[in-house]
Amino acid sequence: MIIDTLSNHPEQLEVVSTMIHTEFVQKKKGTAPYEKVKAFLDKKTSEPYPMTFVALDDVTCIGTVSLFENDLNERLAYTPWLASLFVEKVYRNQGIAQQLINQLIVYAKSRQITTIYLKTENASAYYIKLGWTLVETIETTDPPIHIFSYTIDEN
């Protein structure tokens, strides 16, 4: 398995767009059309965001994660965000999500980014285990949204 940028594997754009649209738009009752998700992920090299990474098992995309400028309109002060972390069900519990996160952190560090944020409704324990810090909980949503931060070590 390798982890690389989506921009180095443009043939995976539709697969990744489908993963993200299914998991983070359709399942959460969102309204963004598939084509909008695909256009957003089709990053031009001159644009800093989004930066999307893919986990590839041979030529099969089995997971993805992105670095977005913002992933919550109500919290524009927090930037950038780890977003759209997804690993195909049959490949879970093998450390692939953690490898994707680690690659995103390496990338962020190379860009002199010192703090990354994320939001989750159901994976707080996972991120705490990985060293993320709870910043706040937005209770006005059902389920509540937990916002975490990760400080990138300068070493």
Side-chain angles (χ1 to χ4, degrees), residues 1-76 78-113 115-132 141-143 145-150 152:
M1 185 202 61
I2 64 162
I3 295 178
D4 199 359
T5 61
L6 176 59
S7 58
N8 285 340
H9 299 274
E11 73 282 1
Q12 300 295 338
L13 177 61
E14 290 197 17
V15 172
V16 172
S17 300
T18 299
M19 284 178 176
I20 291 173
H21 190 260
T22 300
E23 284 300 311
F24 301 104
V25 177
Q26 290 177 338
K27 286 187 178 177
K28 295 184 186 279
K29 308 286 191 254
T31 58
Y34 168 82
E35 289 302 326
K36 186 173 182 181
V37 171
K38 183 178 174 186
F40 178 73
L41 294 174
D42 193 12
K43 176 185 169 324
K44 307 300 176 251
T45 54
S46 61
E47 298 169 351
Y49 301 106
M51 175 53 75
T52 300
F53 294 90
V54 293
L56 300 170
D57 183 13
D58 194 22
V59 296
T60 304
C61 182
I62 59 172
T64 185
V65 69
S66 293
L67 188 66
F68 290 178
E69 183 172 18
N70 187 276
D71 197 29
L72 189 63
N73 288 334
E74 296 85 354
R75 298 297 185 269
L76 294 176
Y78 300 150
T79 188
W81 293 70
L82 179 152
S84 301
L85 175 64
F86 177 77
V87 175
E88 291 287 357
K89 202 166 270 186
V90 297
Y91 291 92
R92 292 182 187 165
N93 301 310
Q94 299 177 32
I96 295 167
Q98 188 170 355
Q99 290 178 54
L100 283 161
I101 292 168
N102 290 345
Q103 189 61 49
L104 183 138
I105 290 169
V106 167
Y107 171 79
K109 185 175 180 178
S110 77
R111 299 286 184 251
Q112 287 75 50
I113 295 168
T115 305
I116 303 171
Y117 298 89
L118 66 80
K119 67 178 181 180
T120 184
E121 291 122 13
N122 57 7
S124 294
Y126 178 73
Y127 291 108
I128 290 168
K129 184 177 85 169
L130 294 181
W132 291 71
T141 62
D142 185 27
I145 296 173
H146 305 284
I147 300 174
F148 285 83
S149 69
Y150 184 86
I152 299 173

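Just so it is clear, the structure is predicted and the values come from calculations on it, not from any experiment.
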Is there a donor-acceptor pair under 3.5 Å between the side chain of Thr79 and the backbone N or O of Glu69?
->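 Side chain of Thr79 to backbone of Glu69: a pair is present.
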Check whether any side-chain N or O of Glu23 sits under 3.5 Å from a backbone N or O of Lys28 as a donor-acceptor pair, and report yes or no.
-> no
Side chains of Tyr78 and Leu72 in contact at under 4.5 Å (non-hydrogen atoms) = no
Kindly give the heavy-atom pair with the smallest separation between [X] and [Y], and that separation in Å.
X	Y	value
Met19	Ile62	CE-C, 4.0 Å
Ala83	Asp71	CB-OD2, 3.7 Å
Leu56	Cys61	CD2-CA, 3.7 Å
Leu82	Tyr127	CD2-OH, 4.3 Å
Pro10	Ser7	CD-O, 3.6 Å
Gln12	Val59	NE2-O, 2.9 Å

I'd like a table of donor-acceptor pairs (distance under 3.5 Å, sequence neighbours excluded) in which one partner is a side-chain atom from residues 97-104, with atom names and distances.
unit_1, atom_1, unit_2, atom_2, d
Asn102, ND2, Gln98, O, 3.4

Output the distance between atom [atom1] ([X]) and atom [atom2] ([Y]), rounded to the nearest 0.5 Å.
X	Y	atom1	atom2	answer
Ser66	Phe86	OG	CZ	13.0 Å
Ser17	Asp42	OG	CG	8.0 Å
His146	Lys119	NE2	NZ	13.0 Å
Thr120	Asn122	OG1	CG	4.5 Å
Leu118	Phe148	CG	CZ	7.0 Å
Leu41	Leu6	CG	CG	6.5 Å

So, do Phe68 and Phe40 have ring centers that fall under 6.0 Å from each other?
-> yes
Kindly state each residue pair satisfying side-chain hydrogen bond (donor to acceptor under 3.5 Å, both in side chains) with at least one member in residues 81-90, sequence neighbours excluded.
->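 Non-adjacent pairs meeting side-chain hydrogen bond (donor to acceptor under 3.5 Å, both in side chains): zero.
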Has Glu14 got more than 12 heavy atoms of other residues, nucleotides or ligands less than 6.0 Å from its CD?
->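 Atom CD in Glu14 is not packed in, count stays at 12 or less.
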Could I get the full list of salt bridge (charged side-chain N to carboxylate O under 4.0 Å, His left out) partners for Asp4, not counting sequence neighbours?
->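 Salt bridge (charged side-chain N to carboxylate O under 4.0 Å, His left out) list for Asp4, sorted by chain: empty.
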Indicate the ring-plane relationship of Tyr34 and His21, choosing parallel, tilted or perpendicular according to the 30° and 60° boundaries.
-> perpendicular
Classify the angle between the aromatic ring planes of Tyr107 and Phe53 as parallel (below 30°), tilted (30 to 60°) or perpendicular (above 60°).
-> perpendicular
Which of these passes side chain to side chain contact (heavy atoms under 4.5 Å, CB included) with Val16: Leu13, Ile20, Thr18?
-> Ile20
So, Thr5 and Asn8: side-chain donor and acceptor under 3.5 Å apart, yes or no?
->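 Their side chains do contain a donor-acceptor pair, which is all the 3.5 Å distance test asks for.
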